[in-house]
2 protein chains.
Amino acid sequence: MTVTPETGTPPTRGKRPKQGEPVIDRALSLLAVFSDRRRALTLSELARYADMPAPTALRLIARLVAWGALERLDDGRYVVGVRLWEVASLSPRGHGVREIALPYLEDLFEVTRHHVLLAVRDNEQAVLIERLSGKDATEVAYRVGGRAPLRSTAIGLVLLAGADQQFQETILKRPPENEPGVPEMPEGQLRRTLSDVRRTGIAMIRRTVPSRTVSVASPVFDAQGAVVASLSIVVPDGSTPPNVLAPAVRAAARAVSRNLGYQAEASAGVRTHSPG
Amino acid sequence: MTVTPETGTPPTRGKRPKQGEPVIDRALSLLAVFSDRRRALTLSELARYADMPAPTALRLIARLVAWGALERLDDGRYVVGVRLWEVASLSPRGHGVREIALPYLEDLFEVTRHHVLLAVRDNEQAVLIERLSGKDATEVAYRVGGRAPLRSTAIGLVLLAGADQQFQETILKRPPENEPGVPEMPEGQLRRTLSDVRRTGIAMIRRTVPSRTVSVASPVFDAQGAVVASLSIVVPDGSTPPNVLAPAVRAAARAVSRNLGYQAEASAGVRTHSPG
DNA sequence: ATGCTCCTTTCATTGGTTGGAATAGTATTG
DNA sequence: CAATACTATTCCAACCAATGAAAGGAGCAT
């Protein structure tokens, strides 16, 4: 990698191609190499994917291992360590909401016996914070710690609808991604959908890939009335009808919101407009 | 570290007290400042607790925020970020076992309606990987991401009993910690207990603090037959008797083990000795 | 006004960081 | 069994990113 063919001045002793990146960035880029498909990596793999010389990678990794951010397996490969997981569990938007929401997710799961999801928004995607699934539940595309698009999932639509206006515009302007299995909405329809989501507190989407499912999602508010998370249920298309699921999902989401300190201003009927 | 006490030449311009620590270590020490009680911190707090000048802390933090390891709140404080949580979710001993174990934990939870815990060992402590609790469950000392001692908890005893011999000796030699609420065992009794745990696949402990509870734990094995996790249930003392709980806990732990690729060599009766 | 704390920017100094080269270890191939 | 190819590790001189005192600015209390 990074071999410059033409060296203008004959170097007295080797040249430094890509020096000049902060050490932390490099260390973090090593962590970023890990993914769902790459959970255990060798030194050379890490060096290759993070695009740095092996000695450099080794030195950085040694420090990460010493701290516990990475762990070394018997076969010499590296995996993400428990210490890092431990610190990460202090993430308010990660384990934070999860901790509060979990009992209500469990209730919903027990009653329905279908996938129950909790997600937060990170930039332009939804990050799955929790997923409860039976051993025999239908196939579902996303795993905890994974990311989902905002526009083509129920859980994402809720987060998008609750985002600040400026961010929404950015996303709305973007050309459709054409994800398979979900009919992509034109901008106008998407706008109307988002408005509906805000009004009713419910987003609903049908997908055919990886299996025919219906998702129903509802927003979770914090004490300031901002949408901090999205709670969703995914059932096989044709089983429980969405209009039956909606109240249960909405109720669970409201219960979580209340535990976060959210005070709904009116208790009767459907709110015509959410604050903010 | 590495502070030379005698500086021969009087420094021309200010001294650098603690210069010389690798950047990564400093960055990681910033992360380590966060704890259960300190989830949102200001720059000066971070700098103070991590023992470094504010400008240095700010520079490092800026990089961590850029990557997503930390997030900045509206009030200027910093919290652990979702991006870090996301990478950490790839930790095999963190979310890895959790993901496989969760359905079985749920079953156990539903049947008993009491705390169900999952933990792995990190060095000399147990790290809580998962905890299922009803909204109305009894008070329990440990939270997910938190740590528990090995010798005075059921979940810890299982992990200790399954650790390599050398490590066990290290711990056994250590003087008792005298945790309140649990009778501390002398070395001999502890040895016998660990042996029993290995033989029966069950550890049991009564505590009186923070409330009167009984914990029953059982080991989770991986494909190599090593104890990788510990599964436990905590019930109020006097409710369901431990000997009723034990089979359920053992069964759940075995189910998880099987999903990890563990093959019990004999299916009849109680194994007299675990492999290793 | 004065003092205080916290956040941020600047900049000359320097020691931690760097990566090519060399060595050792391991697996695969002919 | 040598040859090849790969990975992991150690070494070290060059050098630039990292450093932190100093100073400026913002906010708040007295």
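Only heavy atoms go into these numbers, but all of them, side chains included; no hydrogens, no water, no symmetry mates.
- Close to dT7(D), at under 4.0 Å from its OP1 or OP2, lies a side-chain N or O of R48(A).
- Here dG20(D) presents its P atom at 14 Å from CD1 of I61(B), a figure rounded to the nearest Å.
- An OP1 or OP2 oxygen of dT17(C) is reached within less than 4.0 angstrom by no side-chain nitrogen or oxygen of T56(A).
- With salt bridges taken as basic N to acidic carboxylate O contacts below 4.0 Å, one links D25(B) and R63(A).
- Between dT19(D) and R26(B), a contact under 4.0 Å exists linking OP1 or OP2 to a side-chain N or O.
- The distance between atom CD1 of I24(B) and atom C1' of dT17(C), rounded to the nearest whole Å, is 10 Å.
- Between the P atom of dT19(D) and the CG atom of D51(B) lies a distance of 13 Å, rounded to the nearest Å.
- For D25(B) and dG15(C), the CG to P distance is 18 Å, given to the nearest whole Å.
- As judged by a 4.0 angstrom heavy-atom cut-off over every strand, P55(B) is placed among the base-contacting residues.
- Per the geometry, CZ belonging to R72(A) stands 7 Å off P belonging to dA8(D), to the nearest Å.
- Residue L60(B) contributes atom CG, which lies 16 Å from atom C1' of dC7(C) at whole-angstrom precision.
- Annotation: of the two residues near DNA chain D, V23(A) and G76(A), the 5′-most nearest-nucleotide partner is G76(A).
- Of the charged side-chain nitrogens involved, none lies within less than 4.0 Å of a carboxylate oxygen, so that R77(B) and E45(B) do not count as a salt-bridged pair.
- Atoms CG (L58(B)) and P (dA23(D)) sit 19 Å apart, rounded to a whole Å.
- Under the 30°/60° scheme for interplanar angles, the aromatic rings of H95(A) and H95(B) are found to stand perpendicular.
- Under 4.0 Å is where a charged nitrogen must lie from a carboxylate oxygen, and between E86(B) and R93(A) no such pair does.
- S44(A) has a side-chain polar atom (N or O) that falls below the 4.0 Å cut-off from OP1 or OP2 of dA8(D).
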For D51(A) and R48(A): C-alpha separation, side-chain torsions, deciding distance, then whether salt bridge (Lys or Arg N to Asp or Glu O under 4.0 Å) applies. CA-CA 5 Å; D51(A) 191 31; R48(A) 195 164 36 248; over 6 Å; no
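- In the set dA8(D), dT8(C), dT9(D), dA8(D) carries the atom at the smallest distance from any side-chain atom of T42(A).
- If you take CD of E21(B) and P of dG16(C), they are 10 Å apart, rounded to a whole angstrom.
- With hydrogens and angles ignored, a donor-acceptor pair under 3.5 angstrom links the side chain of R59(A) to the base of dG19(C).
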